[in-house]
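Numbered from 1 within each chain, the chains take letters A, B, ... in sequence-line order.
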Amino acid sequence: MKINELSKKSGVSARMLRYYEEQGLIRPMRLSSGYRDYCQNDISILKNIKALQEAGLTLNVIRVLMPCIISQPVRFDPCPLIVATLKDQRLKLQQTIEDQSRALSILEQYLDETGQMDIPEVLPNSMWESGSVAYA
DNA sequence: GTTCTAACA
DNA sequence: TGTTAGAA
């Protein structure tokens, strides 16, 4: 199937499908016309990529993991590389959760200190983009 | 009309 | 990531 068809079936934009190929995640054949020709397996690969991304894995990590993925309902071949990579990812996630948790606490403390003044909860993005908000 | 590559927003 | 230009 050609790129647009796969895009509709997978929900992945044609732009991203080309990008995935550039990153070595999928290797579609080429028609004599030069158009990419995707197979059924590519759909499975795409589903796997989506599943892995939901675990916060980046394309770079997914790329090295790809060869160790058994089949669609994402399953890993328990090789040392996989275990090490997943544990590393777990550590990074725990770290960002901690960082954001601290950031949230600080923000809430600032809000408490302002004592609920008559300011809007949220400012329109346009105010920030136009630079109309004064920093002091 | 569709897809390709490259490049810009 | 989306979008667009110019070519096939």
Side-chain angles (χ1 to χ4, degrees):
Chain A
M1 77 192 94
K2 292 200 288 291
I3 199 166
N4 269 346
E5 187 182 345
L6 177 61
S7 178
K8 288 174 184 174
K9 284 188 179 180
S10 65
V12 177
S13 70
R15 169 75 163 79
M16 281 302 104
L17 289 175
R18 296 189 182 102
Y19 182 64
Y20 287 168
E21 177 181 3
E22 186 182 302
Q23 297 305 302
L25 286 110
I26 45 181
R27 308 188 149 339
M29 300 292 95
R30 292 284 180 152
L31 268 10
S32 56
S33 60
Y35 293 176
R36 272 164 268 250
D37 184 27
Y38 298 93
C39 63
Q40 277 301 127
N41 188 46
D42 291 325
I43 294 181
S44 297
I45 293 177
L46 252 23
K47 288 181 180 175
N48 285 334
I49 292 176
K50 280 190 174 183
L52 265 21
Q53 285 183 314
E54 288 189 48
L57 296 171
T58 64
L59 288 184
N60 271 324
V61 174
I62 293 175
R63 175 159 39 71
V64 309
L65 257 37
M66 285 299 276
C68 305
I69 298 173
I70 305 297
S71 63
Q72 207 181 33
V74 185
R75 238 166 83 208
F76 293 111
D77 190 343
C79 65
L81 171 65
I82 299 302
V83 176
T85 303
L86 294 182
K87 283 187 175 179
D88 181 63
Q89 177 63 17
R90 178 176 60 185
L91 189 63
K92 287 178 179 174
L93 279 180
Q94 291 171 332
Q95 185 60 254
T96 65
I97 287 174
E98 284 178 29
D99 291 344
Q100 300 217 299
S101 183
R102 289 197 190 88
L104 180 58
S105 295
I106 294 173
L107 221 46
E108 289 177 328
Q109 187 185 328
Y110 287 159
L111 278 173
D112 286 341
E113 291 169 359
T114 64
Q116 312 298 305
M117 292 185 281
D118 60 326
I119 55 176
E121 289 280 327
V122 177
L123 295 174
N125 281 320
S126 59
M127 290 184 72
W128 297 102
E129 291 164 356
S130 64
S132 62
V133 174
Y135 298 85

Fill in: side chain to side chain contact (heavy atoms under 4.5 Å, CB included), paired with A:R36, selected from A:K2, A:E21, A:M29
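Output: one option passes, namely A:E21.
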Item to complete: Using side chain to side chain contact (heavy atoms under 4.5 Å, CB included) as the criterion, point out the one residue from A:I62, A:V64, A:L93 that pairs with A:L57.
Response: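 That would be A:I62; it is the only one of A:I62, A:V64, A:L93 passing the side chain to side chain contact (heavy atoms under 4.5 Å, CB included) with A:L57.
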Fill in: Sorted by number, the residues of residues 27-38 of chain A with heavy-atom contact under 4.0 Å to DNA chain B
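Heavy-atom cutoff 4.0 Å gives A:R30, A:G34, A:Y35, A:R36.
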Worksheet item: Between residues 53-62 of chain A and DNA chain B, which residues have a heavy-atom gap below 4.0 Å?
Response: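 Those residues: none at all.
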Worksheet item: If we ignore angles and hydrogens, is there a donor and acceptor under 3.5 Å between the side chains of A:E98 and A:Q94?
Response: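 Distance-only check fails for A:E98 and A:Q94.
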To the nearest 0.5 Å, tell me how far [X] [atom1] sits from [Y] [atom2].
X     : Y     : atom1 : atom2 : result
A:I45 : A:L25 : CD1   : CG    : 8.5 Å
A:L52 : A:T58 : CG    : OG1   : 10.0 Å
A:I82 : A:L65 : CD1   : CG    : 3.5 Å

Worksheet entry | Interface limits on DNA chain C, where chain A has a heavy atom under 4.0 Å of a nucleotide atom |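 First-to-last contact on DNA chain C, by the 4.0 Å heavy-atom rule, is C:dT1 to C:dT3.
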Fill in: Integer-rounded Å distance: B:dG1 P and A:K2 NZ
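One finds 15 Å between P of B:dG1 and NZ of A:K2, rounded.
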Practice prompt. Give the rounded distance in Å between these two atoms: CD of A:E21 and P of B:dC4.
Written response: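 Rounding to the nearest Å, CD of A:E21 and P of B:dC4 are 8 Å apart.
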Fill in: Atom CD of A:Q95 with >12 non-hydrogen neighbours under 6.0 angstrom
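More than 12 within 6.0 Å, yes.
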Worksheet item: Do A:L59 and A:Q53 come close enough that some side-chain heavy atom pair is under 4.5 Å?
Response: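 When only atoms from C-beta onward are counted, A:Q53 and A:L59 do touch, with a gap below 4.5 Å.
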Worksheet item: Where along residues 8-18 of chain A does a heavy atom fall under 4.0 Å from DNA chain C?
Response: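 Output list: A:S13, A:R15, A:M16.
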Worksheet item: Any chain of hydrophobic side-chain contacts (each under 4.5 Å) joining A:Y20 to A:Y35?
Response: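 Different clusters: A:Y20 never reaches A:Y35 through Ile, Leu, Val, Met, Phe, Trp or Tyr contacts under 4.5 Å.
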Practice prompt. Check whether any side-chain N or O of A:S7 sits under 3.5 Å from a backbone N or O of A:I3 as a donor-acceptor pair, and report yes or no.
Written response: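 Not a single qualifying donor-acceptor pair exists.
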Worksheet item: Within the distance-only criterion (no hydrogens, no angle test), does the side chain of A:D37 pair as donor or acceptor with the backbone N or O of A:M1 below 3.5 angstrom?
Response: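 Present.
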Worksheet item: How would you list, by chain and number, every residue that makes a side-chain hydrogen bond (donor to acceptor under 3.5 Å, both in side chains) with A:D88, sequence neighbours excluded?
Response: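 With neighbours one apart ignored, the set is A:K92.
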Item to complete: Using the test side-chain hydrogen bond (donor to acceptor under 3.5 Å, both in side chains), find all partners of A:N60 that sit at least two apart in sequence or belong to another chain.
Response: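 Expected list: A:R63.
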